[in-house]
Amino acid sequence: MPEFHIGDVVAAIITWLQDNMSGFFDGIAAVMQTLIDVVLAALTAPHPFVIVALAAALAFWARGIGFAVFSLLGLLLVDSMQLWGQTMETLAIVLVASIVAVLVGVPAGIWAARSSRASTVIRPVLDFMQTLPVFVYLIPAVFLFGIGVVPAVVATFIFAIPPGVRLTELGLRQVDPEMVEASIAFGAKPWQLLRQVQLPLAVPSIMAGINQVIMMALSMVVIAGMVGAGGLGAVVVQGISRLDIGVGFEGGLGVVFLAIFLDRLTSAFPRPRRRPRTEAIEALEPEAEPAPAAA
């Protein structure tokens with residue numbers, strides 16, 4: 001067999017992009033950096049105790065007193081380990097990357113659910129994105145965006161897209177066909193069918209996809225710390241480089257707590273409202289006809 005190194009082709013493409021589209025990538029980097037700075041400023045401007053109280057209140061509203069106590073103690077422990085700033089940096093990276101991934105992944109999943117051809121094209125691309133080693137994403141990102149937080153966000157965004165696309169498509173395809181047929185029979189247009197029937201019924205699957213997007217983004221935190229992203233990933237990398245078990249364990253513990261908090265919080269939505277049995281039975285019974293007036 002003749003030798004053919006596809007890596008040379010990829011390297012040539014990256015070099016061409018650097019030479020001819022550097023302004024485009026500089027613009028993307030500026031937008032990403034601005035988003036991260038805004039989110040980080042919103043997270044670090046209040047006193048840590050304010051963020052702790054808000055997180056505990058949100059946890060109580062989502063899952064009850066047990067999760068609220070866990071969130072309160074976990075955040076206080078992070079603050080006591082002097083890792084509050086790094087934790088907020090990690091949270092800002094995860095939020096920005098996850099929001100961008102959801103904004104791209106959910107429409108792509110809707111497109112794949114509505115078009116079999118699109119699904120046929122998108123599915124192998126998602127397989128490639130999920131199976132490619134995560135370190136490989138950082139190489140072109142560093143070449144195109146330099147060292148810092150921006151390549152980390154870009155690599156995290158690309159790595160986190162597939163679950164959002166897959167679960168959105170799955171949720172829409174699992175909508176009861178009879179519901180779809182009934183809506184069409186009543187004259188629903190395609191966008192009305194999507195907005196008022198399919199998307200509401202697919203919300204649990206879409207939320208599961210958003211949850212997995214956030215988890216995938218958090219799994220990139222430590223790897224992103226190797227390219228100067230900062231946050232808890234940089235703390236773990238520092239512990240590895242110095243063989244400092246304590247520093248590495250504290251950074252890893254912060255990542256674990258943040259992952260548990262975001263996972264439990266996002267998996268609590270949406271919670272469908274269950275109607276009481278008596279209420280459901282009364283809704284199914286026909287209304288009683290009014291009694292005739294007495295002569």
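Note that this is a predicted model, so its numbers are computed, not measured.
When every heavy atom of L77 is checked against every heavy atom of S80, the shortest pair comes out as O-OG, 2.7 Å. Listed here is the closest heavy atom pair of S98 and A217: OG-CB, 3.7 Å. Contact detail for F159 and M129: the closest heavy-atom pair is CD1-O, 4.3 Å. Counting all heavy atoms, side chain and backbone alike, P163 lies closest to M216 at CG-CG, 3.8 Å. The minimum heavy-atom distance linking P200 with P204 is given by the pair O-CD, 4.4 Å. For L265 against A62, the heavy-atom pair with the smallest separation is CD1-CB, 3.7 Å.
A donor-acceptor pair is defined here as one N or O able to donate and one able to accept, closer than 3.5 Å; such a pair exists between the side chain of S241 and the backbone of Q238. S267 places a side-chain N or O within donor-acceptor distance of the main-chain N or O of R264, the cut-off being under 3.5 Å. A donor-acceptor distance shorter than 3.5 angstrom exists from the side chain of N20 to the backbone of W16, with no hydrogens or angles considered. T156 places no side-chain N or O within donor-acceptor distance of the main-chain N or O of A97, the cut-off being under 3.5 Å.
By the rule that hydrophobic residues join a cluster once side-chain heavy atoms approach within less than 4.5 Å of another member, V9 and L144 end up as members of one cluster. Tracing side-chain contacts under 4.5 Å through hydrophobic residues (I, L, V, M, F, W, Y), one reaches W84 starting from I93; they form part of the same cluster. No continuous path of hydrophobic side-chain contacts links L103 to I36 [ILVMFWY only; heavy atoms under 4.5 Å]. No path of Ile, Leu, Val, Met, Phe, Trp and Tyr side chains, each step under 4.5 Å between heavy atoms, connects F261 with F60, placing them in separate hydrophobic clusters. Tracing side-chain contacts under 4.5 Å through hydrophobic residues (I, L, V, M, F, W, Y), one never reaches I99 starting from V149; they form parts of separate clusters.
For the residue pair Q174 / S205, no side-chain donor-acceptor distance below 3.5 Å is found, with atom types taken as modelled. Judged by distance alone, the side chains of Q130 and R166 do bring a donor and an acceptor atom under 3.5 Å apart.
Put simply, CG on L83 and CE on M88 are 10.5 Å apart, with the number rounded to the nearest 0.5 Å. Rounding to the nearest 0.5 Å gives a distance of 11.5 Å between CD1 of I14 and CG of D19.
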- Task: Could you walk me through whether L167 and Q212 pass the side-chain contact (heavy atoms from CB on, under 4.5 Å) test, one step at a time?
- Result: CA-CA 9 Å; L167 289 174; Q212 290 304 305; 4.3 Å; yes

- Task: Check the pair L218, L258 against side-chain contact (heavy atoms from CB on, under 4.5 Å), reporting the backbone distance first and the verdict last.
- Result: CA-CA 8 Å; L218 272 170; L258 195 59; 4.1 Å; yes

- Task: Mind running side-chain contact (heavy atoms from CB on, under 4.5 Å) on D176 and L201 for me, showing each step along the way?
- Result: CA-CA 9 Å; D176 190 354; L201 293 175; 5.7 Å; no

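Note on ring orientation: taking the six-membered ring where Trp is involved, the planes of F25 and F145 are perpendicular (angle over 60°, cut-offs 30° and 60°).
The local environment of CD1 in I65 is crowded, with over 12 non-hydrogen atoms from other residues, nucleotides or ligands closer than 6.0 Å.
Among the candidates T87, V52, L73, the single residue satisfying the side chain to side chain contact (heavy atoms under 4.5 Å, CB included) test with V78 is T87.
For the pair M215 and N211, the minimum side-chain heavy-atom distance is below 4.5 Å. A heavy-atom distance below 4.5 Å is not found between the side chains of D79 and L75. The shortest distance between side-chain heavy atoms of Q198 and R114 falls below 4.5 Å. At a threshold of 4.5 Å between non-hydrogen side-chain atoms, the residues R117 and V121 do not count as touching. A heavy-atom distance below 4.5 Å is not found between the side chains of E169 and W111. Looking at L54 and L58, their side chains never come closer than 4.5 Å, going by heavy atoms from C-beta outward. Side-chain contact check for L95 versus I214: every heavy-atom pair is 4.5 Å or farther apart. A heavy-atom distance below 4.5 Å is found between the side chains of R173 and S119.
Taking the six-membered ring where the residue is Trp, the centroids of F257 and F70 are separated by under 6.0 Å.
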